[in-house]
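Written out below as structure tokens is the structure these notes cover.
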Amino acid sequence: MDQKQDHTNTILAQLESTESLNSMDVAKSLAINHQDLVGYLLQLESANYIKTEGLKQDQLILTEEGNTILNSQSGEYEIYQKIPDQGISMADLQKLFGIEQVAKVKQEQGEKKEKQAEDPKKKQFDLGFGNAKKMGYIKMDKGVISKVGNDLPDKIKLELQQFNNIKLGSAQVKLLIERKLAMISTIKYFDIKKGIRYSSKFREQFAALTTEQLLSGEWKDCDYKSINLKAEGEKISMGNLHPLLKVRKQFSQILIGLGFEEMPTNQFVESSFWNFDALFQPQKHPARDAHDTFFCSDPEYSEEVDTQLRDKVKTMHQSGGVGSIGYQYEWSHEEARKNILRTHTTAVSSKMLYRIAQQYKEKGYFPKKYFSIDKVFRNETLDATHLAEFHQIEGVVIDKNASLGQLMGIIREFFRQIGINKLWFKPTYNPYTEPSMEIYGYHPILKKKVEIGNSGVFRPEMLAPLGIPEDVNVIAWGLGLERPTMIYYDIRDIRTMVGPEVKVETVRSNAFCVFESK
Ligand code: PHE
């Protein structure tokens with residue numbers, strides 16, 4: 001039988017004739033430390049052989065100093081012993097303790113006198129000297145220190161030798177603690193009683209019933225571990241959707257539900273033409289500045305677009321059409337060909353409108369609803385709410401009957417489905433829409449209105465050059481993806497959601513579900 005089994009059975013045997021055991025006594029009798037005993041107790045308890053109750057007890061233990069004294073002698077006594085029978089001066093006594101020298105050395109180095117008091121040897125000596133006087137070991141007369149009596153015992157050491165008999169709570173204990181020779185420490189131990197399956201011999205418990213045990217009938221004599229139905233299953237390590245992806249997915253599902261089709265957005269680099277010019281955004285517009293837009297250096301210019309289209313856009317900018325006088329400036333091809341990182345998904349919409357117009361030429365008119373969700377780039381200063389790359393969601397409705405009222409209706413329905421019911425529209429200016437409306441929603445956490453999107457009816461100056469017939473209206477709106485995600489997932493700093501500071505664990509532990517709409 002191995003030692004472990006031995007110990008286990010000894011514990012059980014000790015419990016046979018008594019109602020309860022103290023774990024400290026058991027550890028002592030097995031000559032093992034208490035911590036090791038706890039291991040055996042846990043095993044016995046889980047098999048219901050024993051029941052334990054955790055108890056605490058205060059115990060007086062010697063401090064390091066107390067132990068040192070017990071093993072040699074007290075400082076007071078050392079001083080007493082070093083004093084010769086004829087007496088000694090303070091300076092000489094200190095010398096015997098190696099103090100004077102230290103003080104001198106320090107003085108030579110120009111240190112202040114007070115420093116001597118900080119010398120630990122001196123401090124120790126002063127303490128012992130004071131105590132030795134108080135305890136009546138020594139006396140001082142006209143500068144001469146002498147012993148009282150000749151063979152006094154080391155009282156402190158004697159007291160510490162009696163340490164085990166000192167009762168907690170006595171005045172003696174208080175003194176020992178005050179003198180930092182002893183301290184109280186709380187020890188934890190167990191009261192051990194018989195458990196419901198107690199037996200004086202421990203039998204191995206099987207974790208599972210085997211076919212062999214069943215066939216041989218052996219199972220009748222076997223003990224089995226009980227099944228812990230409350231045990232938690234092992235954590236499954238799995239990936240999860242990033243909050244942005246969840247919101248993105250939900251938005252696209254809503255839009256698909258409303259009959260929108262997704263536009264292809266797989267092109268981050270776009271020519272200024274589709275991002276700005278085709279949207280009737282003048283070439284001197286501040287948004288086209290390097291402060292707001294990332295320009296590409298290689299390749300710096302995009303390929304030329306269809307020259308007919310290019311010329312129509314050019315004429316619209318320079319001198320207008322469809323009742324407009326345009327911007328009255330010299331439009332530059334070169335400027336329009338500059339490659340940039342798209343600054344909004346409306347660059348995708350303008351290209352799509354051109355394609356639709358091409359199809360109209362073959363198939364004739366048909367209404368269409370499109371949406372896109374993808375990355376856009378702006379040369380922003382990064383902070384808790386701004387990144388240089390973020391996502392936009394854009395919806396476009398191409399319909400002869402499309403109106404401002406319909407636009408407001410679609411926007412209301414879209415936001416209703418993501419749980420934002422209170423909306424406000426505020427007139428604004430966009431070069432490509434007229435009328436244009438900023439969309440404000442009620443922020444449930446900030447408890448105030450916040451801007452959540454921009455919208456409008458595309459201008460004839462934009463639609464006509466693309467080839468969209470005059471009687472076809474196009475309404476559109478756009479919003480950011482990050483802001484609603486931050487609101488719904490209570491993310492305070494955008495940088496914890498996107499970029500190099502995102503913790504994989506945050507994504508992993510993210511709730512599986514998407515936020516609920518009312
Ligand atoms: N492109 C606009 C923006 O970036 C949003 C918008 C889209 C406005 C469509 C009107 C129509 O804010």
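First listed ligand is number 1; within each ligand, the first listed atom is number 1. By convention here, the first residue in the shown sequence is residue 1.
E394 approaches S349 most closely through the heavy-atom pair OE2-OG, 2.7 Å. In plain terms, the two heavy atoms of S20 and K193 that are nearest each other are CB-CG, 3.9 Å.
Below 4.0 Å from some heavy atom of G478 lie the following atoms of ligand 1, by number and element: 6 (C), 7 (C).
By the 3.5 Å distance cut-off applied to N or O atoms, Q392 is counted among the residues near ligand 1. Note: no N/O pair closer than 3.5 Å links E394 and ligand 1 by distance alone. Backbone and side-chain nitrogen or oxygen atoms of R378 are examined, and one is located within less than 3.5 angstrom of a nitrogen or oxygen of ligand 1.
Ring geometry for Y224 against F206 counts as tilted: the plane angle lies between 30° and 60°, on a 0 to 90° scale. Between W274 and Y354, the ring planes are tilted. Angles from 30° to 60° get that label. Using the six-membered ring where Trp is involved, F280 and Y327 have ring planes that are parallel, under 30° apart on the 30 and 60° scheme.
With respect to atom 5 (C) of ligand 1, the closest heavy atom belonging to the protein is N454 CB, 3.9 Å. Scanning the protein heavy atoms around atom 9 (C) of ligand 1, the nearest turns out to be A476 CB, 3.7 Å. The nearest protein atom to atom 1 (N) of ligand 1, hydrogens excluded, is given as T346 OG1, 2.8 Å; this is a heavy-atom distance. Of all protein heavy atoms, the one closest to atom 2 (C) of ligand 1 is Y432 OH, 3.2 Å.
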L60/I184 under side-chain contact (heavy atoms from CB on, under 4.5 Å): CA gap, chis, key distance, verdict: CA-CA 5 Å; L60 191 67; I184 292 192; 4.0 Å; yes

